[in-house]
Amino acid sequence: MAAAAGSFPPSPFMRLSRYFLPILRETPKEAEILSHRLMLRAGMIRQEAAGIYAWLPLGFRVLQKVTQIVREEMDRAGAIELLMPTLQLADLWRESGRYDAYGPEMLRIKDRHERDLLYGPTNEDMITEIFRAYVRSYKELPKNLYHIQWKFRDEQRPRFGVMRGREFLMKDAYSFDLDEAGARRSYQRMFVAYLRIFARMGLKAIPMRAETGPIGGELSHEFIILAETGESGVYCNADILDLPIPAEDVDYDADLEPVIKAWTSLYAATDDVHDQARFERETAPEKRLRKRGIEVGQVFYFGDKYSRPMHAVVAGPDGVERPILGGSYGVGVSRLVGALIEAGHDEAGIIWPESVAPFLIGIANLKVGDPESDAASLKIYDALKKAGIDVLYDDTDERPGGKFARLDLIGLPYQIIVGPKGLAEGKVEVKTRASGARDLITLDDAIARFVA
RNA sequence: CGGGGUAUAGCGCAGCCUGGUAGCGCGGAAGUUUUGGGUACUUCAGGUCGCAGGUUCGAAUCCUGCUGCCCCGACCA
C-alpha cells in the first residue's frame, strides 16, 4: 500500500479494520441510564460483575485522557503524584479507628496467613502513615500528595454503569499543613485546580456547599455538573455558570482568596444541605436555578482527624510537636467518563469534547477498494497522524450508512467523509459532530483545518 | 439491606400457562446485489434453555433450593 511505503505508515491499530471496537446495535436491557447505554453500545466498557467493568479500548482512551487532564492540573497546582497500593493492611485502619467504623461497604480480605486486608475505598490512613514516617519538621510543609488509583466500595446497589460502580478510578490528593491558615491555602489551591480540571473537559462544574462532618467549618465543597439525569437536586444562582475560570498561568502561590470568594459567595447547594429561605434571600427570583446534578469531585478539610490518632506530628518553629492539619481532595475519574456523556449526547450517540475524545477525528472511507477513495483517505490520515492528531480511520468494507451511524455513536468531534461523489470535484466532507455542520471542501483544506 | 422482577445463541426477545426433536429479529461467516445516512435476497455457523436437586416414560416448560443480574427504596464519589 502507498501508506506503508511512506515515512509515516499509519499505526495499524488506528485503522478500524484492525481495531477492537465492539459496537452494539441494540441496547442491552440492563442499562437504564443514558451514559451507561451509550458506553455499552459504543463498545467502551463491558460489565464483568455488578458495578465492575472492563474498559475496552475506546473507553480506556477516554479514561486516559481524563486522567491526564487531572494529572496536569494537579501538578500545576503543586501536588506531587505517587502511587499507593489497592490492598491495605487492616491494622492501619484499626489504628485510625476506621476499620470498625466503615461498615460493609469495605471489602475485607484475608491472605494465606489469615491476615486481615482490605481493598482500599480511600487512602487517608495510608498517606498519613507514609507522611509521618518521613516528615518531622515544619520546614517540609506544606505538602500535597496525590495518586490516581482504583478503589473499591462494596455498594449495596451499584447502578448507572461507571457512574456508581463498586470498583472505580479516583484521584485522591492529601494536603499537609502546620496551621489552619496554611491548610486553608492548600484547600484553596485544590479548589482552583478543580475549577480548571472540569473546565478543560468542557464541563461547567459548580462548587457547592457540602456537609462538613464533625470538623465543621466551611471548608467542604462538592463539585457538581448539571445534567438532567443527575442523582441529586441542586439549587444555585444562575450567574455562577458565567464566572471566569482561572487561567492556565494562575499563580498558586498568590492569594487565591478573591477567586474562592467569587465562586462561593453566590448561592449553590445540593438538596441535602439546601436552605430555601436563604436561597430566596440571597438570589433574585430570575436567577434561581433548580436543576439536577452529578457530583464529580469534592474538596474537604478534616484537620487532625487522622494525624492525631496516628501521631503524624511535625515540630514547629517553636520546637513543639503538633499533629499536621490535613485535607483530602477527590475526583471521580471513571465516574467523570459517564458524567461527560450525560452532559454531551444526542439521539445519535455521544458527543465528546475535544479534550477527552478518544480520537479527535474519524475518517470514513465510503468506498474502500476504490483507488481514489483509498488514496485520498490515506493522504488525509497520514497528514493528520504526522501532525500528532489522534485519528481513527474507518477502512472497513461496510455500507456508508453503517459508518455514519457508528461514527455518530462513538462521538468523535469531527468526521472526514471521503467518497467518490465528493472526490469527483476533489472534495471531501468535514462534519462537526456537535453541531452537525457539514462542509464540502478540498482535501488540502480539510487537512489545513486541523493541521496548524 | 427491604420490596419487586428476571435468567432461552454475541445483543434484543418468543416458547413455559396446557411437559413430547429449541425458535424469531439483529449481529457473525460465505455469496449475489447494492453503494453518500444502518440495501435486498440466498446459504451457513452458533444454545448441555443460570446452577443443583426433585416429579415424570420424557422437563426450557411443573416443584424445591441456590446463584447472578436488573428496577424501586434506604445508602453513597
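Throughout, protein chains are lettered first and strands after them, A, B, ... in sequence-line order, and every chain is numbered starting at 1. Every value quoted in this text rests on a predicted model; they were computed, and no experiment measured them.
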| request: Sort out for me which residue in A:D394, A:V428, A:N365, A:I441 forms a side-chain contact (heavy atoms from CB on, under 4.5 Å) with A:I416. | output: A:V428
| Within this structure, what is the CZ-to-P distance between A:R166 and B:C76, rounded to whole angstrom? | 18 Å
| Base, sugar-phosphate, or nothing for A:A50, non-hydrogen atoms under 4.0 angstrom? | sugar-phosphate
| said: Using a heavy-atom cut-off of 4.0 Å across all strands, would you classify A:I417 as base, sugar-phosphate, or nothing? | reply: base
| Whether A:R438 side chain and A:V430 backbone form a donor-acceptor pair below 3.5 Å | no
| Which part of the nucleic acid, if any, lies within reach of A:K171 when heavy atoms closer than 4.0 Å are counted: base, sugar-phosphate only, or nothing? | nothing
| Which part of the nucleic acid, if any, lies within reach of A:G165 when heavy atoms closer than 4.0 Å are counted: base, sugar-phosphate only, or nothing? | base
| task | Assign A:G297 to base, sugar-phosphate, or nothing according to its heavy-atom contacts below 4.0 angstrom with the strands shown. | result | nothing
| Spacing between A:D397 atom CG and B:G28 atom P, to the nearest angstrom | 12 Å
| task | Report the distance from atom CD of A:E398 to atom P of B:G38, rounded to the nearest whole Å. | result | 13 Å
| With a 4.0 Å cut-off on heavy atoms, is A:A49 in touch with a base, just the backbone sugar-phosphate, or nothing at all? | sugar-phosphate
| query | With a 4.0 Å cut-off on heavy atoms, is A:G402 in touch with a base, just the backbone sugar-phosphate, or nothing at all? | reply | base
| Atom-pair distance (OH on A:Y53; C1' on B:A77), nearest Å | 15 Å
| For A:G401, which contact category applies under a 4.0 Å heavy-atom criterion: base, sugar-phosphate, or nothing? | sugar-phosphate
| What are the two closest heavy atoms between A:A183 and A:L325, and how far apart are they? | CB-CB, 4.3 Å
| request: Drop me the distance from A:T86's OG1 to A:L107's CG, to the nearest 0.5 angstrom. | output: 10.5 Å
| Heavy-atom neighbours of A:K110 NZ exceed 12 at 6.0 Å | yes
| field | Option among A:F359, A:Y381, A:Y19 that satisfies the ring-ring contact (aromatic ring centres under 6.0 Å, His included) test with A:Y393 | value | A:Y381
| query | When all nucleic acid strands are considered with a 4.0 Å heavy-atom cut-off, which category describes A:E429: base, sugar-phosphate, or nothing? | reply | base
| message | Just the rounded figure in Å: distance from P of B:C76 to CZ of A:F300. | response | 13 Å
| remark: When rounded to whole Å, the CD to C1' distance for the pair A:E105 and B:C1 reads 12 Å
| task | Starting from C1' on B:C76, measure out to CD on A:E155 and report it in whole angstrom. | result | 5 Å
| request: Let me have a per-nucleotide readout for nucleotides 7-15 of chain B, 5' to 3', with B, S or -, counting only protein heavy atoms under 4.0 Å. | output: ----BSS--
| query | Using a cut-off of 4.0 Å on non-hydrogen atoms, how would the nucleic acid contact of A:R406 be classed: base, sugar-phosphate, or nothing? | reply | nothing
| message | Can you measure A:R37 atom CZ to B:C71 atom P for me and round it to whole angstrom units? | response | 10 Å
| said: Quick check: A:H274 with A:Y267 (ring centres under 6.0 Å apart)? | reply: yes
